[in-house]
Visitor: 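I'd like to ask you about the structure that follows.
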Amino acid sequence: MRQTIFDALAALINQNVLPAGLETHNVVVEPSRDPAHGDMATNAALVLSRRANMPPRDIAHALADVLRDDVRIDTADVAGPGFINLRLSADAWRGVLGGILALGNAYGRSDWGNGRRVNVEYVSANPTGPLHVGHGRGAVLGDALASLLEFSGHDVTREYYINDGGAQVDVLARSVYLRYLEAHGQKVAFAEGTYPGDYLVSVGKALKDRVGDRFVGQNENVWLSEIRDFATDAMMVMIRADLALLGITMDVFYSEKSLYGTGRVEAAIDDLRAKGLIYEGVLDPPKSKMPQDWEPRKQTLFKSTAHGDDVDRPVQKSDGSWTYFAPDIAYHYDKISRGFDELIDVFGADHGGYVKRMKAAVSALSDGRVPLDVKLTQLVKLKQGDAELKMSKRAGTFVTLRDVIDMVGADVTRFVMLTRKNDAPLDFDVEKVREQSKDNPVFYVHYAYARIQSVLRKAAEAGIDLRVDDLSPITDSAEFALIIKLSEWPRLVETAAQAREPHRVAFYLYDLAGLFHALWNRGNTDPRLRFVQEADAKTTAAKVALLRATAIVISNGFDILGIDPVEKM
RNA sequence: GGCCCCGUGGCUCAACUGGAUAGAGCAAUCCCCUCCUAAGGGAUAGGUUGCAGGUUCAAAUCCUGCCGGGGCCGCCA
């Protein structure tokens, strides 16, 4: 439709009604919010008025005259300050259905991304324990975003960065050592700064099975490195299993540890140094809570302020060892060198303070070539009815992602996580989402799909010839409302991909399901609107075509969200 | 103190990135099942989009300043 508008504009330029070379990228054609305004509307005249130096309503009238010549357009009216409201012909809308059926699961796919290579890094939880609900949100967002970009023609790599190089994995190793001693019958105490979670019990046992009593009574320097490797491997097995429960498979697991001892951290820092962005210096103390023990220390700093950060950031501690930031720089350096056109990081909200320095690093390392987009996911507040499920490691009320999936299922977990945009906090009520009602959006969409399948079964049982050669029996406004919604799907995918907001797909499916249920119920009062017309194969075939198209779109939407449609409820 | 995110009917959230009279769901009131799944649908009511300015044909959206909530802020990751 947009193209039709552009063609009309070109015609006007040819007739010298409009000057050539107008900026048209702001021209939008969108479905009307108010049906009284027709099917679609365009703001073309308003956008062009200034540059064309003509009153918007004059342009609008000229444009409407051209558009009315198009057979697919029934009416084109100028409204308000210069909108053009379009009403398409019934045949034009019926044609949309045929297009959807022909494209099937490709309907909505596009080459908009032009094969651009995008790396989506998500989850990247420390390998020190099971995934919790917050990780789950990042996992679902990252995965749906990756699918959305694939659907829109990008070449996507899903990647997990394993933080297996820092002090936290030493803590893990010590905790596992305690469980190992426990497996040998010793009584152990978990001091402050160890992980007391019982998920390490089995790891301690497994370690015993492997090394026997070789480490019992030994000093840390004997066993630390070996147990660390053993334990992080065990944690990653567990994390992969948690992700698998959500249907998430990563293309790449990238180990932080693998950066060390290979000169790659040094190489990344050297690259920055060659650009004059590394220097020795002393940072100002933090402005707020002035620490008692603050001492000015000389550190190696990255001049991130040259790339938009607020202060320069340390890459080496005063004792010469790397900060956490340094391997992260090296890791992103590696991603850049692998040739990605765009990087996306999905982080938890607690990493908000980290965004600017990371962007600065990527900007510096790629000389501004590779954009880094950081999506922060806000907190998930887990509730059971009115009660809030507190997640406290100490109190032992640690609710894991696995717990939640066990309670409500993977599909529900995924969908609910996507019913909020990523930068809004999410209330997740494990009771409500198990309800089979409209209050539960997952159910509502599943139900629509299942109802459609039910009709298809009924039609098949009735032995009706469902070959579609004529869609003219589709005449009702509720039917057209559904078609119009279906026609919006490709545009929705594209704008959602552009904005990198997969939640829009979830909301769209909910709306779509609502229109379908409304149409269904109209059949209760008006039998002519029922889908299966036993005595009229032609009409049934046309209505079934509408249903199949609806099922296709739901299925394609679910595909992006990583949810399997159900045939029957 | 600085930086980031968020303030939309009683509640939980949308709003196609600047478009027309700001839309859904809960909760409230009233209707619709001899009929493809009522596990659903329809109708009514509810709003100065936190406040005040600004930008323009047009602002919930962009800019500035306040108010309120959350997150982060050197040698933790």
Side-chain angles (χ1 to χ4, degrees), chain A residues 26 28 30-34 36-37 41 43 46-47 49-50 55-57 79-83 85 126 128 163 165-169 171 256 282-289 291 294-297 299 301 309-311 313-314 316-319 321 323-325 328 348-356 376 378-379 419-425 427 429 432 435-441 443-444 446-448 450-452 454-459 462 488 491-492 494-496 498-499 501 503-504 507-508 510-511 514 517-525 527 530-534 568-569:
Chain A
N26 283 330
V28 297
E30 49 186 18
S32 307
R33 288 186 181 163
D34 184 344
H37 292 148
N43 64 352
L46 292 163
V47 172
S49 125
R50 177 179 295 256
R57 287 189 64 98
F83 288 98
N85 291 328
N126 287 342
T128 55
N163 288 112
Q168 79 280 5
V169 284
V171 173
E256 175 192 357
V282 179
L283 286 173
D284 292 334
K287 282 286 192 301
S288 68
K289 41 152 194 180
W294 171 267
E295 286 175 46
R297 294 254 167 89
Q299 294 173 278
L301 301 173
D309 202 355
D310 306 310
V311 290
R313 307 291 179 176
Q316 269 180 321
K317 303 171 192 171
S318 49
D319 67 4
S321 62
T323 62
Y324 175 74
F325 188 33
D328 261 8
D350 56 342
H351 282 63
Y354 209 66
V355 174
K356 279 194 179 181
L376 297 178
Q378 288 295 323
L379 297 176
T419 51
R420 213 105 312 176
K421 52 184 168 205
N422 59 290
D423 43 14
D427 283 359
D429 186 334
K432 191 162 266 183
E435 283 174 19
Q436 305 216 319
S437 74
K438 194 170 183 183
D439 207 18
N440 173 356
F443 164 77
Y444 191 65
H446 271 313
Y447 187 31
R451 271 182 155 176
I452 290 172
S454 162
V455 175
L456 296 184
R457 283 191 298 269
K458 277 270 195 292
E488 292 167 20
R491 180 174 146 84
L492 181 110
E494 185 169 321
T495 53
Q498 236 157 22
E501 293 181 346
H503 75 275
R504 292 185 190 206
F507 279 96
Y508 171 85
Y510 186 72
D511 285 349
H517 287 306
L519 176 58
W520 176 287
N521 267 78
R522 292 275 309 279
N524 284 340
T525 46
R530 288 190 204 151
F531 302 109
V532 178
Q533 305 283 331
E534 305 256 349
K568 201 169 184 176
M569 306 195 69

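Chain identifiers are assigned alphabetically (A, B, ...) following the order of the sequence lines, protein sequences preceding nucleic acid strands; residue numbering begins at 1 within each chain. Worth knowing before you read on, the calculation uses all heavy atoms, side chains too, and leaves out hydrogens, waters and symmetry mates. Computed from a predicted model, the values in this text were never measured in an experiment.
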Visitor: Can you tell me how far P of B/G41 sits from CZ of A/R522, to the nearest Å?
Guide: 14 Å

Visitor: Provide the distance between the two P atoms, one in B/G18 and one in B/U61, to the nearest whole Å.
Guide: 11 Å

Visitor: Start at the 5' end of RNA chain B and walk down; is the nucleotide closest to A/A349 or to A/Y324 reached first?
Guide: A/A349

Visitor: Does A/R297 have a side-chain nitrogen or oxygen under 4.0 Å from the phosphate oxygens OP1 or OP2 of B/C75?
Guide: no

Visitor: Is there a Watson-Crick or G-U wobble partner for B/G65 with both distances under 3.5 Å, and which nucleotide is it?
Guide: B/C51

Visitor: Measure the distance from CZ on A/F443 to P on B/G25 and round it to the nearest whole Å.
Guide: 16 Å

Visitor: Using OP1 and OP2 only, check whether a side-chain N or O of A/S454 sits under 4.0 Å from B/U37.
Guide: yes

Visitor: If you take all heavy atoms of A/R313 and A/G353, which pair is closest and at what distance?
Guide: NH2-O, 4.4 Å

Visitor: Write down the partner of B/A24 under the Watson-Crick or G-U wobble criteria, each distance required to be under 3.5 Å.
Guide: B/U12

Visitor: Within the pair A/K421 and B/C6, is there a side-chain N or O less than 4.0 Å away from OP1 or OP2?
Guide: no

Visitor: Looking at A/E488 and A/Y508, would you say the former's side chain and the latter's main chain have a donor-acceptor pair under 3.5 Å?
Guide: no

Visitor: Where does B/C33 land, syn or anti, once you apply the within-90°-of-0 test for syn?
Guide: syn

Visitor: Taking the P atom in each of B/C5 and B/U37, what is the distance between them to the nearest angstrom?
Guide: 49 Å

Visitor: Is the phosphate of B/C57, meaning OP1 or OP2, less than 4.0 Å from a side-chain N or O of A/R57?
Guide: no

Visitor: Between B/U17 atom C1' and A/F507 atom CZ, what is the distance in whole Å?
Guide: 16 Å

Visitor: Measure the distance from CG on A/L46 to C1' on B/G19 and round it to the nearest whole Å.
Guide: 8 Å

Visitor: So which nucleotide from B/C16, B/G40, B/A77 ends up closest to the side chain of A/Q168?
Guide: B/A77

Visitor: A/Y444 side chain N/O closer than 4.0 Å to the phosphate oxygens (OP1, OP2) of B/G41?
Guide: yes

Visitor: Pick the closest RNA chain B nucleotide for A/A450 and for A/R420 by heavy atoms, then say which residue is nearer the 5' end.
Guide: A/R420

Visitor: Nearest whole angstrom, please: distance from the P of B/C5 to the CD of A/Q378.
Guide: 10 Å

Visitor: Mind calculating the distance between CG (A/D350) and C1' (B/C3) to the nearest angstrom?
Guide: 16 Å

Visitor: Using the P atom on both, measure B/C63 against B/U56 and round to a whole Å.
Guide: 16 Å

Visitor: Ring of A/F83 versus six-membered ring of B/A20: centres under 5.5 Å and planes under 30°?
Guide: yes

Visitor: Examine the base of B/A24 for any acceptor or donor lying under 3.5 Å from a partner atom in the side chain of A/D511, and report the outcome as yes or no.
Guide: no

Visitor: Could you tell me if the side chain of A/T128 sits less than 4.5 Å from the side chain of A/V171, heavy atoms only?
Guide: no

Visitor: Is B/U12 in the syn range, within 90° of 0, or in the anti range?
Guide: anti

Visitor: Return no unless some side-chain N or O of A/H446 is found under 4.0 Å from OP1 or OP2 of B/G40.
Guide: no

Visitor: Are A/K432 and B/G25 close enough that a side-chain N or O sits under 4.0 Å from OP1 or OP2?
Guide: no

Visitor: Given atom CG of A/N43 and atom P of B/U56, what is their separation to the nearest angstrom?
Guide: 18 Å

Visitor: For the pair made of CH2 in A/W520 and C1' in B/G40, what is the distance, rounded to whole Å?
Guide: 9 Å

Visitor: Does B/C5 have OP1 or OP2 under 4.0 Å away from a side-chain N or O of A/K356?
Guide: no

Visitor: Going by modelled atom types, is there a donor-acceptor pair between the base of B/C16 and the side chain of A/T495 at under 3.5 Å?
Guide: no

Visitor: If only side-chain N and O atoms count, and only distance matters, is there a donor-acceptor pair under 3.5 Å linking A/Y447 with A/R451?
Guide: yes

